[in-house]
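Below is one structure, written out as structure tokens; comments come after it.
Because the structure is predicted, anything quoted here is derived from the model rather than measured. We count ligands from 1, going down the list as the structure has it; atoms in each ligand are counted the same way.
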Amino acid sequence: MSVYDLIIIGGGPAGITAGIYAARQKLNTLLITKDFGGQVARKAVVIENYPGFEEISGMELIKKFEKHLRKQKVDIERDEVTKLKKIKNGFLVLTKSKNRFESKAVIIASGAAPRPLEVPGEKKFIGRGVSYCTICDGPLFSNKIVAAIGGGNAGFEAAIFLSNIAKKIYILEYGPKVGADQTNQERVKKTGKVEVITNAALKQIKGQKFVNSIIYQDRNSKKNITLPLEGVFVEIGSQPATAFVKGLVDFNKKDEIKINLRTNQTKISGLFAAGDITEIKDKQIVIAAGEGAKAALSAYDYLQKFQD
Ligand SMILES: Cc1cc2nc3c(=O)[nH]c(=O)nc-3n(C[C@H](O)[C@H](O)[C@H](O)COP(=O)(O)OP(=O)(O)OC[C@H]3O[C@@H](n4cnc5c(N)ncnc54)[C@H](O)[C@@H]3O)c2cc1C
């Protein structure tokens with residue numbers, strides 16, 4: 001087995017940028033990722049805060065990222081990392097397809113995955129009415145009644161996207177008021193198709209072969225209310241994708257990896273982390289990309305010393 005200088009785990013903004021920077025430092029690099037785009041590919045409305053592009057869709061932006069990466073000398077594996085181990089002089093990476101890779105340094109850039117609702121019916125109806133990706137699955141709900149669960153920006157943006165497809169959209173928010181910003185609230189209002197329900201605790205997703213209704217509890221009256229509908233879009237935030245690295249690094253209370261904020265190194269020499277997987281305060285594309293660049297340059301510095 002050949003030993004890479006650097007293995008990058010993740011193909012979102014942080015991992016891709018790390019790959020581009022590593023290649024420019026002539027590091028022998030492997031990038032392993034389940035998919036390209038990560039959370040950016042789930043973005044339901046256009047991105048308006050990535051410099052250089054006043055308006056660009058998530059898919060378009062990530063295609064540009066991927067194209068840029070593929071122009072570099074970086075090996076790419078489409079696979080899921082299941083375990084990362086510290087071994088003598090480096091790291092061993094194990095994947096779902098039973099591949100094993102070794103490297104002298106690693107950058108973890110596995111970002112975050114959608115947080116599940118954890119209500120009865122959710123798992124049963126995944127792909128049969130329950131979706132975690134509005135942009136991917138939304139078009140299947142033409143002229144149907146659907147719900148976006150979560151009253152933050154993600155829930156509102158999902159509703160805006162769905163308003164061009166579905167007949168009616170409910171937004172269910174657990175708290176007494178929604179968290180979406182004013183612009184998104186105004187855009188939702190303009191669609192004329194969205195009903196926002198606050199103080200709604202989702203209790204169950206029901207159906208036969210496919211979803212046909214949800215039950216939520218009105219947290220004021222404590223009454224259970226049934227809404228007949230066919231699609232449930234889960235938009236209640238994300239959780240760090242850290243399963244493969246448990247026991248190896250330190251985490252904060254949110255399960256985010258603790259790093260040296262200047263170098264992106266974890267408590268283990270040669271093991272770096274970048275982007276939404278880490279404890280950095282703001283989770284944004286431009287920040288994740290910057291953190292990926294920082295981590296790659298720190299890995300390069302580490303490897304220079306490693307050779308000595
Ligand atoms: C709905 C939504 C809307 C958003 N809108 C905006 C916006 O308008 N502007 C903005 O700046 N930011 C926005 N964000 C935030 C932004 O998308 C993230 O901050 C950014 O994508 C983080 O990049 P990342 O590379 O750290 O992680 P991610 O984008 O999460 O990428 C992680 C990558 O790692 C891969 N991966 C995970 N686990 C493994 C594993 N075990 N093995 C191999 N690969 C793995 C994933 O497949 C993915 O490719 C939005 C996020 C969401 C969810």
Side-chain angles (χ1 to χ4, degrees), residues 7-20 30-51 53-59 61-62 65-66 69 76-84 93-97 99 101 106-115 131-136 138 148 150 152-161 180-181 183-184 233-246 256-257 259 264 272-296:
I7 292 178
I8 298 164
I9 302 167
I16 293 176
T17 311
I20 293 167
L30 168 68
L31 185 143
I32 309 173
T33 189
K34 279 197 290 191
D35 62 38
F36 276 105
Q39 294 168 76
V40 182
R42 293 181 51 225
K43 172 90 179 158
V45 299
V46 288
I47 292 161
E48 294 173 334
N49 58 2
Y50 194 80
F53 301 95
E54 283 164 37
E55 279 193 3
I56 187 163
S57 76
M59 292 311 269
L61 181 62
I62 215 65
F65 270 51
E66 186 184 343
L69 174 72
I76 294 170
E77 286 282 332
R78 290 290 290 266
D79 205 343
E80 179 176 344
V81 173
T82 49
K83 196 77 200 161
L84 172 62
V93 177
L94 306 176
T95 73
K96 202 172 177 179
S97 321
N99 280 319
F101 300 100
V106 167
I107 297 174
I108 305 166
S110 49
R115 191 150 71 83
S131 168
Y132 303 88
C133 181
T134 311
I135 193 163
C136 325
N153 278 326
F156 271 66
E157 289 182 2
I160 294 163
F161 178 82
D181 61 36
T183 315
N184 275 332
F233 291 87
V234 183
E235 298 290 355
I236 57 164
S238 307
Q239 58 189 18
T242 54
F244 62 90
V245 75
K246 284 271 145 54
E256 297 163 339
I257 297 175
I259 52 166
N264 288 64
F272 301 83
D276 281 19
I277 193 76
T278 69
E279 59 180 331
I280 51 157
K281 185 165 119 326
D282 298 305
K283 313 294 199 224
Q284 289 284 282
I285 302 164
V286 71
I287 294 172
E291 290 288 307
K294 266 172 70 199

[atom]: which protein heavy atom is closest, and how many Å away?
atom                    : value
atom 34 (O) of ligand 1 : Gly10 CA, 3.2 Å
atom 24 (P) of ligand 1 : Pro13 CD, 3.9 Å
atom 26 (O) of ligand 1 : Asp276 N, 2.9 Å
atom 40 (C) of ligand 1 : Val81 N, 3.7 Å
atom 30 (O) of ligand 1 : Gln39 NE2, 2.8 Å
atom 11 (O) of ligand 1 : Ile285 N, 2.9 Å
atom 50 (C) of ligand 1 : Lys43 CD, 4.8 Å
atom 39 (C) of ligand 1 : Lys34 CE, 3.8 Å

Spacing of [atom1] belonging to [X] relative to [atom2] belonging to [Y], to within rounding of 0.5 Å:
X     : Y      : atom1 : atom2 : answer
Lys43 : Thr134 : NZ    : OG1   : 11.0 Å
Glu54 : Glu48  : CD    : CD    : 10.0 Å
Leu30 : Glu77  : CG    : CD    : 6.0 Å
Thr33 : Asp79  : OG1   : CG    : 10.0 Å

Contacts of Phe233 that satisfy ring-ring contact (aromatic ring centres under 6.0 Å, His included) - sequence neighbours left out: Phe141
Ligand-residue contact atoms, ligand 1 with [X], heavy atoms, under 4.0 Å:
X      : result
Ala14  : 25 (O), 26 (O)
Phe244 : 41 (N)
Gly275 : 26 (O)
Ala288 : 22 (C), 23 (O), 26 (O)
Arg42  : 53 (C)
Ala112 : 30 (O)

Side chain, backbone, both or neither: the part of [X] lying under 4.0 Å from ligand 1 by heavy atom:
X      : value
Tyr50  : neither
Asp79  : backbone
Ala109 : backbone

Compare all side-chain heavy atoms of Phe244 with those of Val93 and state whether any distance is below 4.5 angstrom. no
Can you confirm whether Val81 sits close enough to Val245 that some side-chain heavy atom of one is under 4.5 Å from a side-chain heavy atom of the other? no
Listing, residues 280-290 side-chain donor-acceptor contacts under 3.5 Å, not counting sequence neighbours, or none:
unit_1	atom_1	unit_2	atom_2	d
Lys283	NZ	Glu256	OE2	3.2
Lys283	NZ	Thr278	O	2.9
Lys283	NZ	Ile280	O	2.6
Gln284	OE1	Asn49	ND2	2.8

Tell me whether ligand 1 is touched by Ile277 - counting only heavy atoms on the residue side and a distance under 4.0 Å. no
Can you tell me if Thr95 contacts ligand 1 (heavy atom of the residue under 4.0 Å from the ligand)? no
Close N or O approach (Glu157, ligand 1; < 3.5 Å): no
Check this for me - ligand 1, Glu80, N or O atoms closer than 3.5 angstrom, yes or no? no
Would you find a donor on one side and an acceptor on the other, under 3.5 Å apart, between the side chain of [X] and the backbone of [Y]?
X      : Y      : answer
Asn153 : Asp181 : yes
Arg115 : Ile236 : yes
Thr17  : Ala293 : no

So which of Tyr50, Phe53, Phe36 actually passes ring pair (Phe, Tyr, Trp, His ring centres under 6.0 Å) with Phe65? Tyr50
Please tell me if atom 48 (C) of ligand 1 is touched by the protein, where touching means a protein heavy-atom distance below 4.0 Å. yes
Heavy-atom count check: over 12 atoms from other residues, nucleotides or ligands less than 6.0 Å from Lys96 NZ? no
Min over Glu235, Glu291, Lys283, Lys96 of heavy-atom distance to atom 15 (C) of ligand 1 lands on Lys283
For a quick test of reading the model, state the closest non-hydrogen atom pair linking Glu291 to Gly275 and the distance between them. CB-N, 3.7 Å
